[in-house]
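Each remark here refers to the structure printed beneath this line.
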Number of protein chains: 4
Amino acid sequence: MIRVGVLGARGRVGIEVCKAVEAADDLELVAAVDKDDPIEELEGAQVVVDFTHPAVVMDNLAWCLSHGIHAVVGTTGFDTERLTRVRGLIEANPGVNVLIAPNFGIAAVLMMRFAQQAARYFDSAEIVELHHPNKADAPSGTARRTAELIAEARRKAGLGPMPDATSAELDGARGADVDGVHVHAVRLAGLIAHQEVILGGDGEILTIRHDTMNRASFTPGVLLGVRRIAETPGLTVGLEHLLDL
Amino acid sequence: MIRVGVLGARGRVGIEVCKAVEAADDLELVAAVDKDDPIEELEGAQVVVDFTHPAVVMDNLAWCLSHGIHAVVGTTGFDTERLTRVRGLIEANPGVNVLIAPNFGIAAVLMMRFAQQAARYFDSAEIVELHHPNKADAPSGTARRTAELIAEARRKAGLGPMPDATSAELDGARGADVDGVHVHAVRLAGLIAHQEVILGGDGEILTIRHDTMNRASFTPGVLLGVRRIAETPGLTVGLEHLLDL
Amino acid sequence: MIRVGVLGARGRVGIEVCKAVEAADDLELVAAVDKDDPIEELEGAQVVVDFTHPAVVMDNLAWCLSHGIHAVVGTTGFDTERLTRVRGLIEANPGVNVLIAPNFGIAAVLMMRFAQQAARYFDSAEIVELHHPNKADAPSGTARRTAELIAEARRKAGLGPMPDATSAELDGARGADVDGVHVHAVRLAGLIAHQEVILGGDGEILTIRHDTMNRASFTPGVLLGVRRIAETPGLTVGLEHLLDL
Amino acid sequence: MIRVGVLGARGRVGIEVCKAVEAADDLELVAAVDKDDPIEELEGAQVVVDFTHPAVVMDNLAWCLSHGIHAVVGTTGFDTERLTRVRGLIEANPGVNVLIAPNFGIAAVLMMRFAQQAARYFDSAEIVELHHPNKADAPSGTARRTAELIAEARRKAGLGPMPDATSAELDGARGADVDGVHVHAVRLAGLIAHQEVILGGDGEILTIRHDTMNRASFTPGVLLGVRRIAETPGLTVGLEHLLDL
């Protein structure tokens, strides 16, 4: 039984995390803390899950690490400078581990990883991401990151530009160019969050698709982090490193 | 048994048409004519299929109609002026019929028709077309035409613009705007010709997809035209009018 | 402004219908009635939506029709005998109309209709339906109905059996046979309700897919029924007849 | 420049392999040998590709290995006994390597590998394979093998049976049961060879799909084997081991 505390427990994501922890046989929810609660309530926890805000997450991490509590963090805003500071906190508190992940959807993380692995074997790769129409950015952060991973894998394998004879293009038809990879963003009522990576070569196509069907789709990834963080030394950035791929 | 002649019989498309006519139990190939052959060889035909060139197709039609032979035409380049001339030829030769179709792929024609019919019932509609990387234009003519049909159906139904909260777009990510409908063009080694129309509303999605798997995919549509043209009076533009939809 | 009453207003479906009516600018929710409420509360309504139970729906209909109120019915259990009785009620109350539909999902209804229209133009057609793993029946009622419509369309067009050279089959691999149409049922955690009709011929494929993304996906179809029932004389069975296809 | 010989050079597959070798800048086709040609023609080759017949492939291998020529083998029929004999041949000829692969389609091999890696992270997994209607077996060998790999990965991860509440099944609807994994086989005119692995968990779906678009789709895998066999010691069974996954 792992004792789990949740920070940001009354936020949209935190509520789902609390529910999932309570529903798991091998986890115990010992503290559900939000911004008006004393952080000391977390003292009995072995692992803390943090879905709070960039303005407070560094203080949260300092408190958890100094109390010997592992942290699983979904809060955004970790740049190189912040990651360096987290590494310093870990060095100062040996044996305490941190997982920071921009995306806890296991299917999404696997999609990105498989796309990266497959990219070198195909002449062409493009990305179509599809989201609900209330989304502000196009393409999504996940699609951009996938494109960068594909581009990097192609460079390492010595692949040149993809074949493309387009000579008459209606503006925007070929999508956005992210590091040489074309990315298309569909916005449609009824959709939630979906992405398709299509890779093609001589007479064969490989498609890797991820569908998010509801807003709780990140909880299995968070629980996986909670279960594995104690045995994952130091700082880990990205859920993919816990997936034994 | 319908007696069929083929004009442009040694072109890439014509060769496939000849094969398909020969393979059909109810059709007889009585003449396979190309540019160096005398057109008089077509005299025994009841229907002529024309996949030739805009420069010669009007003369071909004049000859066929004046000889009482129905025509099924896949040659391109028919603008309003040409269609008016074809109507004149038909009036001068009562009882002889002409089908002119820009696309003889039955699956593609059905996709366009169904997209048009469904469009009024959904808040959103977008098009993703996917082709081999040697294609010069993006989006494809079929995708453009589909977008226009969807836009027209939405206007008739009094629908306003589709919902789209995109405020931060990487250039091109949202695709080309064809009459208010977003169209995305994927170009990928290994693909042939494919199109997906995605329609979405409150919690439900309808997807209509067409895949061309080889270069003979237009022949069933041509044969359908050959079989029905005798009983389809006057000029028909577009295979969809022969599909009893 | 159409005045709408809802019967079965506190059931899972009724709750969503009430919400949708209240959210619509052109509709007014004048009564939300469940089993312990007096049916007379419906008296001000022009249209009543009934999602109740086979045991009470015939009485509900008798009351509505005798009070001059049109009915839109999603309750199940209407066999030939019941439909005959409904026709009798309508004759006795001229000018009052009834819509009974087994499926109010517009995307699902369009999928079935398009599959039926397209079936005659393809050598082969199969159905893959995909649902959450709590579903008791396999295949779904919608898939069975789609298969029957496809089979009927093929018969009318004089098509014979589909090509299939399978000689070594692991039991069940080729799916269920519904009137000669193969139907495959996938049951998967994370899914909701989805169906794909795949039609194939010489070198081309047409796929028509429907995805239900949440449990409110039937409300647009119910509202469509509410808006159109006053101008749709007599008894209508099936939402497809209101879709101007 | 690698000097390549082809055995079975006038068979359907061999013809495509010869073409692909000739088209590659870094490979030289030095011998195209079929059953009536003397095998000694292969003497100048560094690598031999064998797509022949189970009755002759063991002799071919013995000849190649004893002449210091690496072998890339697509011929079927290698059971445990034969593999043991191949290992013996390799021991007797140190420094000569053999690749035997049942499937040279890179996309297909990646699909199987990714399905195997992902399986442990999802509650459910099913397979839909889709082929042309002339195929004799259902499901395909690739689908069976994928199901076995998924089942094995689930067992290793301690996963129990997949959730499935089906209580009323029309015979065959839920597909074939391969080691606890449901496999559905679609046979459709117009299709070539396709497979979809669908994995689902809490609110998210991962789909991995492979499409073979023409009969040359195996050649990139064969060329990959040719290029890498010299540096891949001993016997390798399965292309996946050369893909650096």
Side-chain angles (χ1 to χ4, degrees), chain C residues 122-141 143-144 147 161-179 181-192 194 196-207 211 213-214, chain D residues 122-141 143-144 147 161-179 181-192 194 196-207 211 213-214:
Chain C
F122 293 91
D123 299 325
S124 307
E126 298 205 8
I127 298 172
V128 182
E129 56 93 330
L130 312 95
H131 283 84
H132 58 85
N134 300 322
K135 190 170 179 61
D137 53 323
S140 69
R144 277 183 191 239
M162 303 179 198
D164 184 358
T166 308
S167 55
E169 183 192 358
L170 193 61
D171 199 38
R174 291 284 292 115
D177 181 322
V178 177
D179 216 352
V181 180
H182 290 262
V183 181
H184 311 269
V186 174
R187 295 293 171 264
L188 208 82
L191 288 177
I192 302 172
H194 318 259
E196 209 163 287
V197 181
I198 319 175
L199 304 123
D202 251 9
E204 54 171 10
I205 306 289
L206 179 69
T207 305
D211 291 274
M213 301 301 283
N214 68 45
Chain D
F122 295 90
D123 298 326
S124 307
E126 298 204 7
I127 297 171
V128 182
E129 56 93 331
L130 313 96
H131 283 84
H132 59 86
N134 299 322
K135 190 171 178 60
D137 53 323
S140 69
R144 278 184 189 237
M162 303 179 198
D164 184 358
T166 307
S167 56
E169 183 192 357
L170 194 61
D171 199 38
R174 292 285 289 113
D177 181 321
V178 177
D179 214 354
V181 179
H182 290 261
V183 181
H184 311 268
V186 173
R187 296 292 171 266
L188 207 81
L191 287 177
I192 302 173
H194 318 258
E196 208 164 288
V197 180
I198 320 175
L199 304 123
D202 252 9
E204 52 171 12
I205 306 290
L206 179 70
T207 305
D211 292 274
M213 301 301 283
N214 67 45

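Lettering follows sequence order; numbering is per chain, from 1. Values reported hereafter were calculated over all heavy atoms of this structure, with side chains retained and with hydrogens, waters and symmetry mates removed.
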- Message: Which atoms of I205(D) are under 4.5 Å from chain C, going by heavy atoms: the side chain, the backbone, both sets, or neither?
- Response: side chain
- Identify which of A125(C), P139(C), A138(C) forms the greatest number of heavy-atom pairs closer than 4.5 Å to chain D. A138(C)
- Sort out for me which of G201(C), A189(C), S167(C) touches chain D most, counting heavy-atom pairs under 4.5 Å. A189(C)
- Between the side chain of S124(D) and the main-chain N/O of L199(D), is any donor-acceptor distance below 3.5 Å? no
- Task: Look at A185(C), G200(C), G190(C) and state which one has the largest set of heavy-atom pairs under 4.5 Å with chain D.
- Result: A185(C)
- For the residue pair A176(C) and L170(D), what are the closest heavy atoms and their distance? CB-CD2, 3.8 Å
- Taking the side chain as every heavy atom from C-beta outward, state whether V181(D) and M162(D) have any pair of such atoms under 4.5 Å apart. yes
- Message: How long is the straight-line distance from NE2 of H194(D) back to CE of M213(D), given to the nearest 0.5 Å?
- Response: 7.0 Å
- Query: Looking at H131(D), E169(D), R174(D), K135(D), which has the largest count of heavy-atom pairs under 4.5 Å with chain C?
  - Reply: R174(D)
- Note on the structure: Applying side-chain hydrogen bond (donor to acceptor under 3.5 Å, both in side chains) to N214(D) and not counting sequence neighbours gives none
- Would you mind telling me which of I192(D), V183(D), D171(D) has the largest number of heavy-atom pairs within less than 4.5 Å of chain C? D171(D)
- Query: Could you go step by step and tell me if T207(D) and V197(D) meet the side chain to side chain contact (heavy atoms under 4.5 Å, CB included) rule?
  - Reply: CA-CA 6 Å; T207(D) 305; V197(D) 180; over 6 Å; no
- Query: Top residue by heavy-atom pair count (under 4.5 Å) with chain C, among D177(D), T166(D), D123(D)?
  - Reply: T166(D)
- Look at V178(D), D164(D), L130(D) and state which one has the largest set of heavy-atom pairs under 4.5 Å with chain C. D164(D)
- Honestly, the part of H182(D) sitting under 4.5 Å from a heavy atom of chain C is neither
- Message: Measuring only between side-chain heavy atoms, which start at C-beta, is E196(D) closer than 4.5 Å to E129(D)?
- Response: no
- May I ask you to name which of R144(D), E204(D), H184(D), H132(D) has the most heavy-atom pairs under 4.5 Å with chain C? H184(D)
- Highest number of heavy-atom pairs under 4.5 Å with chain C: which of D202(D), D137(D), I127(D)? D137(D)
